[in-house]
Structures are given as C-alpha cells and as structure tokens.
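Here the structure comes first, spelled out in structure tokens, and everything after it is commentary.
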Number of protein chains: 2
Amino acid sequence: MSDKNKYVRVIDASHADCHALAETLGRIGDKWTVMVVGTLQDGPLRYNEIHRIVDGISQRMLTLTLKGLEQDGLVTRTMFPTIPPRVDYELTELGRKLIVPLQGLYDWAVEHRADMLAARGRFAEKQRAAVSRSSSTTLR
Amino acid sequence: MSDKNKYVRVIDASHADCHALAETLGRIGDKWTVMVVGTLQDGPLRYNEIHRIVDGISQRMLTLTLKGLEQDGLVTRTMFPTIPPRVDYELTELGRKLIVPLQGLYDWAVEHRADMLAARGRFAEKQRAAVSRSSSTTLR
DNA sequence: CTGAATCCACCAAGATACTG
DNA sequence: CAGTATCTTGGTGGATTCAG
C-alpha cells in the first residue's frame, strides 16, 4: 500500500483506470450527495433532521440520494417500527473513509475559489472583447 | 494557511461552507472533465489528440468541457493561426494543483470500488427479498 | 484541423398530492 | 414521520451538419 504510490506519478498510468475516478465522481458528484454526507459526518440523523439541515432539497431528492448512498454502502438505514416511524441514517466505515479525500477536495475548493471566480471574470472580459471586435468587422 | 487546518476538524464547521465543495463538484463532477484533466496531466495536447485519447466523447462535449475548464482557469488555450489551424490545451498551475486532491479521490475509488460493487449486490438482494415478501403477503 | 450550430431524445429534478 | 406516485419541465448530452 505504501510502496504503491512510489510508482504512481500522477493520477494513473493507463487512461483506462481513469474511468474508476469518473465513475466515482458520477456517483458522488451530483448536487446533493456531498451535502448529505457532510451533514452525517457528526453522527446519525433522522430523515427529517437531514431534510431540515440540507434545506432546499426536496423530499424526493433526499429519498433518492439516501437510497443511492445506501445502495453503495456509504450509509446505513435503520428503521424503528414505532409510531410514528423513525428512520436513522448513519455513515458506514466506507462512508467515513470517503470524507478524507473529500476533505482534500474541499480544501482545494475553499483555497482556490477566488482564483476560479477571477478566471471567470477574465474569461467573460475576453469574450466580450472578441464579440465586439468580430461584430465591428462584419458590420463594416 | 497552516494554522487554518488546526481548527477544521472535519469537512466544515458550518454547513454553509459545504456549498463551496458542492459548487466545485458541480463543475468538475461531470462525465468528462476529470478525464480531460487526466489526459492533460502529462503535458499539453492538441484538440484532436484529446479527442482520440478520451474516446467516446463527442466533439461538442469536448469543446464544451475545454471551454469550461478554460473559463475556470484550469487550462490554457493556445491558438496557432497556421493552416491547418492548431490549438494546444495545457493545464495551468491551478489545474495542476487540482490533481493532488483528485489523486486522493482516485485512490479511494480504486481501493473501495470492490466494496461498493459488493454493497450494490447486497442491496439488490435485499430489494428482491423485500419485493417477493410483499407480493406474497398481498396475493394471499 | 478545430470548432460552431442545429435538432432531438432522454432524464434529472422540482412541485404537488397522497399513503401507511 | 417517512416516504411514494405522478406530472411537468429545463437542461444535458449525442448525432449530424456547416464553417473558417
């Protein structure tokens, strides 16, 4: 495990392995999954507790997101057949391990968000300049 | 910068900051972005070189993906006004920094993909069991 | 070669209402 | 409380064609 990284210079040797990363991002890279995982990192929560915390998510999307996470073994679903019913969701060991690389990405996002926004601004500027230049040449 | 992490226990303190991560994942978490970044990590490439390597991506999606990456300042676009035209794409410093956290996620994906597939199998099994149970109770 | 433009199919996701 | 069912819609992505 430790000697594995010695020979891995970058993301992967063959680009075929890159599909693994793309596949994983396809699962957790949607709009809600990481936020739900984020709310669960401090301990188990009930359905409506998550619903209140994430705020903005619809019942449908919360249900689908939780089902997807359960399907991938990232959270456990515990049902208490009481009245009223109670369902707890909790990160599994696998889910907690996911938080580590997610943390790395989070740090990157926080640290470089300003750079990205600045780049957006410069890009928009260049776009407007290019448009005005092409329109002036075509109109005359 | 170094003392910042001392007070960050997990992903974030307030859930509001979690939006930064969700926002970033929304940009790079699509089907093609990480694969394009992966192909560019070894050096600059031309449009058609990327097109051949990524294989499966349409011209439209490649163009849109590259434009998005350029917009966010993750790649640079260099145009040579020759005939035939030639355009090089290269990771910026910001883009190369992104590879580090991406590597972490990649390692997680490779290491735990088997676990996820196993969890999928167990989930499908439980689903089928639940369906057959409910159908047998309703039919009798 | 490097795109842009157009058309189209699919589905992800929101709103709403209903159920056990 | 914890979902499911249904409808609707905006956007995403693929195929194809055109252009500089």
Between its two end axes (five pairs each) the helix from C:dC1-D:dG20 to C:dG20-D:dC1 turns, nearest 10 degrees, through 40°
Specify the separation, in whole Å, of atom OH of B:Y47 and atom C1' of C:dC1.
->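 Taking OH of B:Y47 and C1' of C:dC1, I get 10 Å after rounding.
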Between P of C:dC1 and CG of B:L62, the distance in whole Å |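 Going from CG in B:L62 over to P in C:dC1 covers 13 Å.
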Mind checking what makes salt bridge (charged side-chain N to carboxylate O under 4.0 Å, His left out) contact with [X], not counting sequence neighbours?
X: B:D115; value: none
X: B:E49; value: none
X: A:R60; value: none

Quick one: which residue pairs count as a salt bridge (Lys or Arg N to Asp or Glu O under 4.0 Å) with a foot in residues 64-84 of chain B, not counting sequence neighbours?
-> A:R120-B:D72, B:R27-B:D72
What salt bridge (Lys or Arg N to Asp or Glu O under 4.0 Å) pairs are there with at least one residue in residues 85-106 of chain A, not counting sequence neighbours?
-> A:R86-A:D88, A:E93-A:R96
First and last nucleotide of DNA chain D in contact with chain A, 5' to 3', at under 4.0 Å to a heavy atom: what are they?
->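 Contact span on the strand: D:dC1 to D:dT6.
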Over all atoms of both residues, closest heavy-atom pair of A:A109 and B:T24 = CB-OG1, 3.0 Å
With sequence neighbours excluded, residues passing ring pair (Phe, Tyr, Trp, His ring centres under 6.0 Å) with B:H112 | B:W108
All side chain to side chain contact (heavy atoms under 4.5 Å, CB included) counterparts of A:T63, not counting sequence neighbours =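 Expected list: A:Y47.
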Residues that B:T92 engages under side chain to side chain contact (heavy atoms under 4.5 Å, CB included), provided they are two or more places apart = B:T76, B:L94
Which letters describe nucleotides 13-20 of chain C, given B = protein heavy atom under 4.0 Å from base, S = only from sugar-phosphate, - = neither?
-> BBB-B--B
Within less than 4.0 Å of OP1 or OP2 of C:dA4, is there a side-chain N or O belonging to B:K67?
-> yes
How would you list, by chain and number, every residue that makes a side chain to side chain donor-acceptor pair (under 3.5 Å) with B:T33, sequence neighbours excluded?
->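 B:T33 satisfies side chain to side chain donor-acceptor pair (under 3.5 Å) with B:D30 once adjacent residues are dropped.
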B:Y89 near the nucleic acid: base, sugar-phosphate alone, or nothing, with a heavy-atom cut-off under 4.0 Å?
->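 Contact class for B:Y89: sugar-phosphate only.
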